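Written out below as C-alpha cells is the structure these notes cover.
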Protein chains: 4
Amino acid sequence: MNDQGCGSSAKRRARRKQARPQELVSAAVDLFVARGYSATRLEDVASAAGVSKGTVYLYFASKEELFKAVVQQSLLPALAEGEAFIDAFEGTTEALLRQILMRWWELVGDSPSSGLIKLLIAESGNFPDLARYYNVEVIERCDRLIARILARGVAQGEFREADVDLTTLALTAPMLFQMMWKHSFGPCANKVLEPKAFLTHVVALLLHGLLRNPATGTVLPVLPPFTAQRWETVTVFGDGQKVVEGMDKVTA
Amino acid sequence: MNDQGCGSSAKRRARRKQARPQELVSAAVDLFVARGYSATRLEDVASAAGVSKGTVYLYFASKEELFKAVVQQSLLPALAEGEAFIDAFEGTTEALLRQILMRWWELVGDSPSSGLIKLLIAESGNFPDLARYYNVEVIERCDRLIARILARGVAQGEFREADVDLTTLALTAPMLFQMMWKHSFGPCANKVLEPKAFLTHVVALLLHGLLRNPATGTVLPVLPPFTAQRWETVTVFGDGQKVVEGMDKVTA
Amino acid sequence: MNDQGCGSSAKRRARRKQARPQELVSAAVDLFVARGYSATRLEDVASAAGVSKGTVYLYFASKEELFKAVVQQSLLPALAEGEAFIDAFEGTTEALLRQILMRWWELVGDSPSSGLIKLLIAESGNFPDLARYYNVEVIERCDRLIARILARGVAQGEFREADVDLTTLALTAPMLFQMMWKHSFGPCANKVLEPKAFLTHVVALLLHGLLRNPATGTVLPVLPPFTAQRWETVTVFGDGQKVVEGMDKVTA
Amino acid sequence: MNDQGCGSSAKRRARRKQARPQELVSAAVDLFVARGYSATRLEDVASAAGVSKGTVYLYFASKEELFKAVVQQSLLPALAEGEAFIDAFEGTTEALLRQILMRWWELVGDSPSSGLIKLLIAESGNFPDLARYYNVEVIERCDRLIARILARGVAQGEFREADVDLTTLALTAPMLFQMMWKHSFGPCANKVLEPKAFLTHVVALLLHGLLRNPATGTVLPVLPPFTAQRWETVTVFGDGQKVVEGMDKVTA
DNA sequence: CATGAATGAGACTTCATTCAT
DNA sequence: TATGAATGAAGTCTCATTCAT
C-alpha cells in the first residue's frame with residue numbers, strides 16, 4: 001500500500017503532461033474565437049486552462065505557435081468522417097447531401113471551434129503560411145468532398161451536369177455564412193437563425209435547380225419536373241409535429 | 001504682426017481641415033482591412049494619410065472612434081442606390097436580381113472597403129455596440145432590399161412563395177462568401193474565383209429552384225421553424241422504395 | 001516677446017532631440033560598465049538619462065543596438081589624437097612613448113568609458129560581430145599606433161630591432177591590465193595602484209631592454225649601456241618634491 | 001520490501017552523490033566562461049552535466065552559490081605547485097621566471113578554466129564579496145609568488161632593486177592579457193598570438209631591463225609614489241640637449 | 001491647426017526556483 | 001536522490017495617447 005506511491009503518481013503526472021497541450025488548445029480556441037488573435041492575452045489562456053502564464057511556454061514556443069496548433073487541431077476529425085460517410089451512403093444523393101450538411105453542422109458548425117474559420121479569415125493576412133496550409137488541408141479537401149457528392153448525383157442520374165467548382169462553392173457559401181453569422185452578428189441580431197432549418201432550405205433550393213431534367217436535357221433553366229416517379233416525404237419531429245412534403249403539396 | 005509669422009492662409013487650412021477626416025478614414029480602411037484592428041498602428045494610418053500621429057487625435061477621440069467612423073462611413077452609398085434601382089426597374093425579376101447583384105459587386109464587393117465586413121465580423125465580439133449598429137443599419141436594411149425583390153417576383157407571378165427570411169439569407173450568403181474569400185483565402189488559393197461568373201451561376205441555380213413550374217406545379221417544401229431537437233424523415237418513392245433519415249440514422 | 005515662441009522653442013526641442021542619443025549613450029556606458037550587459041535594465045538606463053522607458057526606443061531599436069552604439073561611440077576620439085600626436089612629436093621616442101601613454105590614460109583609461117573594454121571582453125562571445133568590428137577598428141588600429149612609435153625609435157637609432165607584434169603587445173598588455181584592474185579588483189584591493197606611476201614604471205622597464213646597444217649589437221640580452229652620452233633627469237612634482245634620475249644615481 | 005522497489009544500491013548512489021558537485025562545477029565552468037553569468041541558464045548546466053534541472057538545487061542553493069563554487073574551485077592547484085617549484089629550483093632566476101611562466105600557462109592559462117578570470121572581472125561589480133575573496137586568495141597570493149621570485153633574483157645578485165609591487169604587476173599584466181585575449185578577441189583576430197612565444201619575449205624584454213649591468217652600473221629610476229597631480233621632468237643630455245616633459249607640455 | 005517627442009500601461013517571453021511525485 | 005512540471009517575478013518591447021511647442 002505504501003509501495004505503490006513510487007510509480008502511480010508519476011503516471012498521473014505524466015497523464016497530466018500529456019493532456020496539457022490539449023487543455024491549452026481548448027482554452028485558446030474559445031478565447032481566440034471570442035476576442036481575436038491580438039486581443040487574446042496568453043495569460044488569459046493560461047488561467048482559462050487552470051495553469052500559470054509560464055506553463056503555456058512549456059508546450060508552445062510562442063503565441064503564434066499556439067495559434068497554429070489551435071488551427072491545425074480543429075481540422076481533420078470531421079473531414080475524415082465525412083469522406084467515409086459518403087462512401088458508405090446508399091440512399092439518394094439528395095438525402096446524402098442533406099445528411100452530410102446536418103452532420104457537418106453538428107460536428108463542426110455547432111462546435112465551439114467553428115469560430116476558427118472566422119478567426120482565420122480575419123488573420124489570414126497576418127499569417128500567410130497558415131492561410132496557405134489551411135487552404136490546402138481543409139478548404140480544398142472540403143471542396144473535393146462536396147464535389148464527390150455532386151459527381152455521385154450526376155453519376156446516379158439525379159443531378160444534371162453543371163460547373164463543378166462553382167456549384168461546390170454555391171454549397172460552401174451557406175455553410176460558411178452560417179458559421180460567420182453564429183460568431184458575429186447572430187448574437188446581436190433580432191431574428192434568430194435556425195441553422196438546420198437554413199441548411200435544409202438551402203439544399204432544397206439548390207437541389208431543385210440541380211436535379212436533372214430528363215425530358216429537356218437543358219443545362220440551366222426550367223425546373224426539374226420529377227415526372228420519373230412520384231415521391232412523398234414525411235418528417236416527424238420529436239414533439240410529434242409532422243411535415244409532409246411531396247409533389248404538389250406541403251402540409252404542416 | 002503676431003499673426004503672420006506662424007501660419008498660412010486660414011482659408012486653405014479650413015479647406016484642409018474639412019478634408020482631413022475623410023483622408024484619415026480612407027487611409028484607415030485599407031490598413032484595418034489588411035491587418036485587422038489590433039495590428040493596425042495609428043501611426044501608420046497617420047503617415048498613410050500624410051499627417052503626423054498627433055493630428056489623428058484632432059479629429060478622432062481614440063482609435064476606437066476612428067474605427068467606428070470607418071465602419072459607419074462605408075455603408076450607405078450602395079444601399080440607397082440599390083433601393084432606387086429596384087423601384088425603377090421594369091424587366092423580369094430574374095433579370096433584376098442578376099443585375100442588382102452584378103451592380104452590388106461592382107460598387108461594394110469589388111471596392112477596397114468590402115473588406116470591412118470581414119473586419120467587422122472579426123471584431124464584432126470586441127465592439128458589440130458597433131455590431132448592433134451595423135446589423136440594424138446595414139444588414140437588416142440589405143435584407144429588406146433582397147426581400148423586396150423576392151416579393152416583387154412573387155407579386156409578378158414569377159416566383160413561388162417561400163420562407164422570406166431563409167431565402168433572403170440564401171442570396172446573402174454567396175455575396176458574403178465572395179467578399180470573405182477575396183480578403184482571405186482568395187489571394188493564396190490555387191483556383192481563381194471569377195466573381196461575376198460565380199454570382200451568375202448562383203442566381204441561375206437558385207432561380208430555377210424558385211421559378212414556378214407551370215407544368216407540374218411542384219412546390220418547394222417550406223419547413224416549419226426548426227425548434228424540435230429530434231427528427232425523422234421517411235421518403236416514400238412511387239415504386240415503393242423508402243428512405244428513412246433522422247438525426248442519428250440513415251436507413252435505405 | 002510673445003512672438004518668439006513660434007520658433008525658438010521648437011529649436012530648443014530639436015536640440016534636445018539631437019542630444020538625446022548622446023545622453024542615453026552616456027547613461028548606458030556607466031551602467032553597462034558597472035553591471036554588465038545582461039544585468040543592466042533598460043529602464044535604469046532611461047531613468048539615468050532622465051527619460052522614460054519608451055524613449056530609449058525612439059533612438060535605439062533594441063538593447064543590443066544601444067550596446068553597439070555605446071561601443072562604437074567610445075572609440076575614435078583618442079585614437080585620432082594619438083596618431084596626430086606622433087607625427088607632430090619631436091623629442092626622443094622614449095619621451096614620446098611616455099607622453100602618449102600618459103595622455104592615453106588621461107583620455108581613455110581614466111574616462112568612465114574605459115570600462116567598455118572590460119565589457120566587450122566579457123561579451124565578445126555573445127556579440128561576435130561587435131567583437132570583430134572592435135578588433136579591426138580599435139585594437140588593430142591601436143596596435144599600428146604603437147608599432148609606429150617602435151618603428152620611429154628604431155629609425156632614430158634609439159631602439160634595437162625586435163619582433164614588432166610581440167613588442168607591441170608587450171606595451172598593450174599593461175594598458176589593458178590597468179583598465180581591467182580599475183573596473184574589477186582595483187576597488188576592492190588592499191593596495192592602490194597608481195596608474196601613471198605604473199605606466200611610467202613599465203615604460204622604464206621595457207625601454208631599458210629596448211634601447212639599442214651600439215657597442216655589442218646584441219639583439220636580446222645585456223642592458224643598454226648608455227655610454228654614448230651621459231644623461232640626467234630631474235622630475236619636479238607639484239608639491240615641490242624632486243626626483244633626480246641619471247646614470248648611476250637615484251635621488252629622492 | 002518497501003526499500004527495494006524504488007532505487008538502486010545505496011553505495012553506488014553515494015558515490016554518485018559525491019561526484020555530482022564536481023561534475024556540475026565542471027559543466028558550469030565551460031558555460032559560464034563561454035556565455036557569461038547571466039546568459040548561462042541553469043538548465044543548460046544541468047543537461048551538460050547529464051542531470052535534470054532540479055538536481056542542481058540538491059547541491060547548490062542558488063545560481064549564485066554555484067558560481068561561487070565554480071570560482072573557488074578553480075584556484076588553488078596551480079598556485080601551490082608554483083610555490084613548491086620556486087623553493088626547489090636551483091638555476092638562475094631568469095630561468096626560473098621563464099619556466100614558471102611557461103608552466104603557469106600550461107596549467108592555468110591554457111586550461112578551460114582560464115576563462116574564469118575574464119568572468120570574474122566582468123562580474124566583479126555584481127559580486128563584490130566574491131571579488132574580494134578572489135583578490136585575497138588568488139591575486140595577492142599570486143603576486144606574492146612573483147614577488148618571491150623577484151626577491152630571489154635580487155638576493156642572488158641577478159636583479160637590481162626596484163619597486164616590488166609595480167614590477168610584479170608588470171609581470172602579471174602580460175599573463176592576464178594573454179588569458180583575456182584567448183577568451184575574447186583572440187578567436188576573431190587576424191593575427192594569431194602564440195602564447196609561449198609571447199611570454200618568452202616579454203620575459204626577455206623585462207629581464208634585460210632588470211639585470212644588473214656590472215659594466216655601467218646603470219640603475220632604473222624608481223619613481224616615488226605617484227600622488228602629486230602636476231609634474232614636470234627635465235632631462236639634460238651630456239651634449240647639453242634638454243627635453244622637458246610635463247603633464248601638458250612637451251618641449252625639446 | 002499641426003507636430004512629434006515623450007510617456008507608461010500592458011503584452012510577450014524567459015528562467016531561477018519550488019515541490020509533488 | 002532525482003525528476004521535471006509548474007510557477008511567477010522581471011525584463012524587453014510596443015503603441016495608444018498626451019502635450020509642449
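The shown structure was predicted, so the numbers you read here are calculated from the model rather than taken from an experiment. Residue numbering restarts at 1 for every chain, and letters A, B, ... go by the order of the sequence lines.
Remark: F:dT14 base-pairs with E:dA9; criterion is Watson-Crick or G-U wobble with both hydrogen-bond distances under 3.5 Å.
At the phosphate of E:dA2, OP1 or OP2 sits under 4.0 Å from a side-chain N or O atom of B:R20. Within the 4.0 Å cut-off from OP1 or OP2 of E:dT3, at least one side-chain nitrogen or oxygen of B:S52 is found. Residue C:Y57 has no polar side-chain atom (N or O) positioned under 4.0 Å from OP1 or OP2 of F:dC15.
In this structure, NZ of A:K63 is placed 12 Å from C1' of E:dG10, rounded to the nearest angstrom. Distance A:L58 CG to E:dA16 P: 14 Å, rounded to the nearest Å. Rounded to an integer number of Å, the gap from OH of B:Y59 to C1' of F:dT17 is 18 Å. The CG atom of B:L66 sits 10 Å away from the P atom of F:dT17 (whole-angstrom rounding).
Ranking E:dT18, E:dT13, E:dG10 by closeness to the C:K53 side chain, first place goes to E:dG10.
Listed by residue number, the members of residues 28-46 of chain A with any heavy atom below 4.0 angstrom from DNA chain F form an empty set.
Under the 3.5 Å distance criterion, the side-chain polar atoms of D:S184 are left unmatched by any main-chain donor or acceptor of C:S124. Under a 3.5 Å cut-off, the side chain of C:K68 and the backbone N or O of C:F127 do not form any donor-acceptor pair. At least one donor-acceptor pair closer than 3.5 Å links the side chain of A:K118 to the backbone N or O of A:V33.
Across D:A39 and C:S38, no two heavy atoms sit closer than the pair N-OG, 4.4 Å. Of all the heavy atoms in C:L42 and C:L66, the pair that sits closest is CD2-CD2, 3.8 Å.
One distance of note links OG of A:S47 with CD of A:E43; it measures 6.5 Å at 0.5 Å rounding. B:T40 contributes atom OG1, which lies 7.5 Å from atom CG of B:L119 (distance to the nearest 0.5 angstrom).
Positionally, the nearest nucleotide of DNA chain F for A:V56 lies more toward the 5' end than for the other of A:V56 and C:E64. Along DNA chain E, the nucleotide nearest D:G54 and the nucleotide nearest C:T55 are compared for position; the residue whose nucleotide lies closer to the 5' end is C:T55.
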